Amino acid sequence: MSSPASASGLEAAYHRLHPKIRRWIRDQGWDELREIQARTIVAVLESDRDVLIAASTAAGKTEAAFLPILTSIADRKASGFAVLYISPLKALINDQFRRLEELSESMEIPVVKWHGDAPQSEKKKAMAKPDGIALITPESIEAMLVRRPADARRLLSSAEFIVIDEVHAFLQGPRGLHVASLLRRIDAMSERPARRIGLSATIGDLDQAAAWLRPTDPQHVERLKAKSDAPELRLQVRGYIEPPDLDDPDHAEGGAEGAGDMPHRIALDYIADHLFEKLRGENNLVFGGSRRTVESAADRLRLRSEKSNVPNEFYPHHGSLSKVLREELEERLKDGKLPTTAVCTSTLELGVDIGSVKSVAQIGAPRSLASLRQRLGRTGRRRGTPSVLRIYLREPEITQKSGIMDRLRPNTIRSVAVVQLLLKEFVEEAGAAPEIASTLIHQVLSVITERGGIRPKPLFDLLCGPGPFSSVGPSDFANLLRHLATKEVRFIEQAPDGTLMLAQEGEKTVQSRSFFAVFESSEEWRLTVGGRSLGTLPITYPVHKDGLVVFAGQRWIIHDLDEQTKTLVVAPHPGGVVPRFEPSAGEPAHDRLIAEMRAVYLTDDIPPYLDEKAQELLAEGRTTFRLLRLDHRSLVSEDRDMHVFLWKGSQVTAVFSAALAMAGLASGVHDLGVSVSKIKELELRPILATLAQMHELDPADVADFVANIKVGKFREAVPDDLARGLWAQQNRKAILAVAPCAGLLA
DNA sequence: GACCTGCTGCGGTCTG
């Protein structure tokens, strides 16, 4: 293969492209192709392999894929879509449509947006004369298969390329299982399976992504990883102390009407002061971690603008806000005429186009390198400008009553550990999705509907071959089908000739509009003001007439509520409390992150990016670590509890806690290990010694002690033994780690 | 269990 890294390689790649595309490139004023684009062109046009492209957000991945693909399909005559582009977000489809529109028009290749909000007329047109490129969501593919199976075959089965954007978003979670299953089903209806082109952000494990992209032949996937072009990083970690006995670190600031008595200031007030001072005048993103923190911080920032008599430029952005409000803010960011800071959850993490921002701030210590990198990718995108990151920590004030978990300052230590790993360019691999059984049930219902009935054997072969459900064997599958046919579930029934068909409940489930997605959505209140929708609140949120609420960065009073339509009519009001959205816990931490935290405790160096307070917090954490002699001790008693320091990631820690439950001990988990209540060291040691002997620990036995083992949209239809069996398989390594871990402790 | 993501087809009304 040629080496396209050289100038002549770039040139050679360019000349492989269709003349009309070369012209389009000249018209764009590009002086040359990016290296990753040249390599992709060669890979797509000079082989028949699947291709995985891993590169940062602004590297031009879309063009890298589509320039050679359009070249390849330029003279195609067959009917049906030539290219399927699958995206996790409608907004991304709209962005890509704009980027591809002009290019494909010059090639006379049609492009159609195919998602729930796309115009019906365009879809109808494409249905009549399917050709070119379809930009589609997984759920719209599902809908097509279930509602119009004949059309689905006609439109999808002759595709030559399937491009999957944001592959990293599909490596984790049930939606990834869903897409992988849809890919299998599309292949099964095709005479010649389409080549798969995966586009991904920088990911930790390319082999894992290749296995997801082509489970039948991961070795054959060509992996193209862009050379790191990370800009200079300017970074600060700032520490803040919460007042003692604070029960709500996200409470709304004492409102405008409360003037006179100075409200008790909490950490978020000081953080807002700093954000207000540093971010005004530029575009920025502030990641709050939860919708509640986002609303509370946005509220504070707006009040500061009002008090200073300057126009507000801080606005909240999260999944409960109405689409209109969110799009207005995205547009304002992209437009760049007015300085704008979005205070957001993870909504602005994926690739929706908002232009480059001056800085990124994060409230709370990060837990995942993958997501921190993705966030950081939003800044420093213009050549020569640095990435700017500020991390704001909140730690409790230490009093007489404080426990050792507070004194160890784990948030501060974790922040330092995350930054160290960021500088080492570590990214964690994706964790396995526990929703296998639930998602398989979804696909069973879908295939039966698509085919108008199918026998068990071909159904098994279609769904459970190499791919998302390969861990389900023939007997597990038979058991699952039998369970779905019981009168408690009534999803399916079997005709005398063996054909599986939908039963009463299955019929009802598939008919519903909410069937197409494999994830759930809970019922919600809709907030409206003057007929305009602001967004939604969870139905569990207690509301009453004249109640006050902070939402969408402003304060409201509830004028009226309609139980039938689940609508709250609100009006502006100076008071308000921040609604609680969901209870909190946190995303899982990787083994390596926790190991790095231990390394931070063990060393003495003080990173220069810590402010004075954060340095103090780091020193406090290290002092506590040394006082407890945690460098060579793992069991620490406190009051009537025992802390067991495991120094492993969330998965191993959770499994260890289940193993303790098996031994009759209730324990709580945290970043550094587990805490067992009401036990003495003398009682705990023999139990750990017993666990240390259990080298043949039966995973299924441990599984019996795991709470909420059935997960996913169809968890209630999952048979017990299948749930336990799959859990045991997915946690095998962590279970094997229990005995050696216990051995070190005992 | 932090956060996020998605959605048919029909029948009705309105507009040019």
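Chain identifiers are assigned alphabetically (A, B, ...) following the order of the sequence lines, protein sequences preceding nucleic acid strands; residue numbering begins at 1 within each chain. Excluded from the calculations below are hydrogen atoms, water molecules and symmetry mates; all remaining heavy atoms, backbone and side chain alike, are included. The shown structure was predicted, so the numbers you read here are calculated from the model rather than taken from an experiment.
Of the candidate nucleotides dG6(B), dC3(B), dC7(B), dC3(B) has the atom nearest to the side chain of S346(A). Across dT8(B), dC3(B), dG1(B), the shortest atom-to-atom separation from the side chain of F516(A) is found for dT8(B). Listed nucleotides dC3(B), dG9(B), dG6(B) differ in distance to E139(A); the shortest reach to its side chain belongs to dG6(B). Nearest to the side-chain atoms of T137(A) among the listed nucleotides dC4(B), dG6(B), dT8(B) stands dG6(B). Which of dG6(B), dC3(B), dG1(B) sits closest to the side chain of P588(A) comes down to dG1(B). Proximity note for S514(A) (side chain, C-beta onward) versus dT8(B), dC4(B), dG6(B): the nearest is dG6(B).
At a threshold of 4.0 angstrom between heavy atoms, the contacts of S521(A) include nucleobase atoms, whether or not backbone atoms are also involved. At the heavy-atom level, R375(A) lies nowhere under 4.0 Å from the strands shown.
A residue-by-residue look at K713(A) and N708(A) shows that N708(A) has its nearest nucleotide of DNA chain B further toward the 5' end. In terms of position on DNA chain B, the residue among G319(A) and F515(A) whose nearest nucleotide sits closer to the 5' end is G319(A).
For the atom pair T347(A) OG1 and H318(A) NE2, the distance stands at 8.0 Å (nearest 0.5 Å). Rounding to the nearest 0.5 angstrom, the gap separating the CD atom in E139(A) from the NE2 atom in H178(A) is 6.5 Å. To the nearest 0.5 Å, atom NE2 of residue H670(A) and atom CG of residue L408(A) are 9.0 Å apart.
S200(A) and E166(A) form no side-chain donor-acceptor contact under 3.5 Å, judged by distance and modelled atom types alone. Residues T293(A) and D250(A) bring a donor and an acceptor atom of their side chains to less than 3.5 Å of each other. Checked by atom type, the side-chain pair S56(A)/R373(A) shows no donor-acceptor distance below 3.5 Å.
In this structure, K90(A) places its NZ atom 5 Å from P of dC7(B), rounding to the nearest Å. For the pair L321(A) CG and dT5(B) C1', the interatomic distance rounds to 15 Å; values are reported in whole Å. Rounded to an integer number of Å, the gap from Q172(A) CD to dG1(B) P is 18 Å. To the nearest angstrom, C1' of dC10(B) lies 11 Å from CZ of R148(A). Computed from coordinates, the R367(A) CZ to dG1(B) C1' distance equals 11 Å when rounded to whole Å. Atom-to-atom, CD of E520(A) to P of dG1(B) comes out at 14 Å; the value is rounded to the nearest Å. Whole-Å rounding puts the F170(A) CZ to dG6(B) C1' distance at 11 Å. What separates CE of M144(A) from P of dG9(B) is a distance of 10 Å, to the nearest Å.
Taking only distance into account, the side chain of R147(A) never meets the base of dT8(B) through a donor-acceptor pair shorter than 3.5 Å.
Remark: R592(A) qualifies as a cation-pi partner of F426(A) under the 6.0 Å distance and 45° angle criteria applied to the six-membered ring. A cation-pi contact, defined as under 6.0 Å to the ring centre and within 45° of the axis, links R375(A) to F287(A).
Contact annotation: S140(A) side-chain N/O to dC7(B) OP1/OP2 distance is under 4.0 Å. Close to dC4(B), at under 4.0 Å from its OP1 or OP2, lies no side-chain N or O of R326(A). Residue R291(A) places at least one side-chain N or O closer than 4.0 Å to OP1 or OP2 of dC3(B).
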Could you list the protein-to-nucleotides 11-16 of chain B atom pairs, N/O on both sides, closer than 3.5 Å?
none

